[in-house]
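Okay, structure first, notes after.
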Amino acid sequence: MSGPDERHTDTRTDTTDTAGTTGTTTPPLRIVLADDERMVRTALRAILGAEPDMEVVGEAATGAEAVPMVRELRPDIVLMDVRMPEIDGIRATEQVLAGMAEPPRIIVVTTFENDAYVYDALRAGASGFLLKRSGAEDLVQAVRMVARSDSLLFPAAVRELAARYAGARTARETARALRARLSDREADVLRLMTKGLTNAEIADRLTVGPATVKTHVAGVLAKLGVRDRTQAVITAYESGFVRPG
């Protein structure tokens, strides 16, 4: 996650590398698993726990359990089953994001990628989604990508979801209003973000430095009032700023 985080600074430890110089290690990503199937949680814990830069710090069997657990443990990432008893992943995502000053990034876990529930979870603030049939490598890569937040997770699938469901949702603002809030370069950056380009790819496309792109992305997110690229893309589609196809 971008910016300093007190959860991280407390756990940093000094280490000595092979050259004998002293450095600072980056603490592992703290992850909470929320899924009503014990076998799924066990599998996720085994895969993620085997990674040196990841640590599963909690498990919840329902959305009702997940919300207070996330608020207490303050993880970096939550893997949230989209369909759970008591409180589903959509409502749990909304409650987590509404109740924390520095909420984690949420990846919803689903069986069907084109499900309206998935789109609603992304619209509620989830940073991406992951299919339950995904392999271990895809799972690990997805967690790292969402934590890094410099690219869109499964951009083609997100665009397909937006094309299918955005028109059925009430737009938060019109394309004209959205465009008026952005500079010309920010508008260019947002269009490229909706194509799923990373910061480095956008920099190449616009012939600017990566640091410049990072600044423009931050400007887009701030002006749209969203916390990550996924929300920016959904806003762009729902407003009509970009259109399917």
Side-chain angles (χ1 to χ4, degrees), residues 1 29 31-37 40-41 44 48 58-71 75-100 102-134 138-139 141-149 151-172 193-194 196 221 224-239 244:
M1 298 175 68
L29 292 168
I31 303 168
V32 163
L33 309 176
D35 196 296
D36 60 335
E37 296 184 44
V40 172
R41 298 198 310 272
L44 292 174
L48 299 175
E59 295 184 20
T62 69
E65 291 180 7
V67 174
M69 180 181 294
V70 170
R71 289 174 179 169
D76 301 294
I77 301 287
V78 179
L79 291 181
M80 183 88 74
D81 186 11
V82 74
R83 299 195 186 201
M84 290 184 290
E86 298 181 26
I87 297 178
D88 64 24
I90 300 170
R91 289 179 58 204
T93 294
E94 292 173 337
Q95 291 180 22
V96 165
L97 297 179
M100 299 180 67
E102 294 184 38
R105 298 194 183 279
I106 297 175
I107 303 174
V108 291
V109 183
T110 179
T111 304
F112 306 106
E113 62 186 300
N114 291 327
D115 198 326
Y117 281 93
V118 177
Y119 185 76
D120 285 340
L122 297 178
R123 198 171 189 264
S127 296
F129 73 92
L130 189 70
L131 295 177
K132 287 193 174 183
R133 65 175 180 269
S134 298
D138 289 335
L139 168 63
Q141 181 180 1
V143 170
R144 290 190 179 125
M145 185 178 295
V146 168
R148 197 168 57 237
S149 72
S151 58
L152 194 65
L153 182 61
F154 303 134
V158 172
R159 290 198 303 272
E160 184 176 346
L161 282 168
R164 178 172 299 192
Y165 297 112
R169 305 300 192 271
T170 302
R172 292 161 177 151
M193 287 167 61
T194 65
L221 300 185
L224 297 188
V226 297
R227 67 186 301 259
D228 62 27
R229 304 169 89 93
T230 302
Q231 308 311 309
V233 169
I234 288 174
T235 299
Y237 272 100
E238 289 189 345
S239 69

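Basis for what follows: all heavy atoms, side chains included, without hydrogens, waters or symmetry-related copies.
Heavy atoms only, all atoms of each residue included: G196 and P155 are closest at CA-CB, 3.4 Å. Residues L152 and M193 share a closest heavy-atom pair of CD2-O, 4.2 Å. The two residues T194 and A236 make their nearest non-hydrogen contact at CG2-CB, 3.9 Å. Nearest heavy atoms, R105 versus V146: CD-O, 3.0 Å.
Atom CD of Q141 has 12 or fewer neighbouring heavy atoms from other residues, nucleotides or ligands inside a 6.0 Å radius.
Atom CG of L161 and atom CZ of F129 lie 5.5 Å apart (nearest 0.5 Å). Atom CG of residue L139 and atom CG of residue L79 lie 6.5 Å apart, to the nearest 0.5 angstrom. Remark: R123 CZ to T230 OG1 distance equals 14.5 Å, nearest 0.5 Å. Note that CG of L97 and CZ of R227 are 5.5 Å apart. Values are rounded to the nearest 0.5 Å. Here the CZ atom belonging to F154 is positioned 8.5 Å from the CD1 atom belonging to I107, to the nearest 0.5 angstrom. Distance check, rounded to the nearest 0.5 Å: OH of Y237 to CZ of R159 gives 5.5 Å.
Remark: side-chain polar atoms of R41 are paired, donor with acceptor, to backbone N or O of D35 under 3.5 angstrom. For the pair E65 (side chain) and A34 (backbone), a donor-acceptor distance under 3.5 Å is absent. With hydrogens and angles ignored, the 3.5 Å screen pairs a side-chain donor or acceptor of Q231 with a backbone N or O of L122.
The pair R83-D115 meets the salt-bridge criterion, since a charged nitrogen lies less than 4.0 angstrom from a carboxylate oxygen.
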Start with the C-alpha distance between S149 and D228, add both sets of side-chain angles, then the distance that settles side-chain hydrogen bond (donor to acceptor under 3.5 Å, both in side chains), and finish with yes or no.
CA-CA 7 Å; S149 72; D228 62 27; over 6 Å; no
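Annotation: side-chain contact (heavy atoms from CB on, under 4.5 Å) contacts of Q95 (sequence neighbours excluded): V67, R71, I87, R91.
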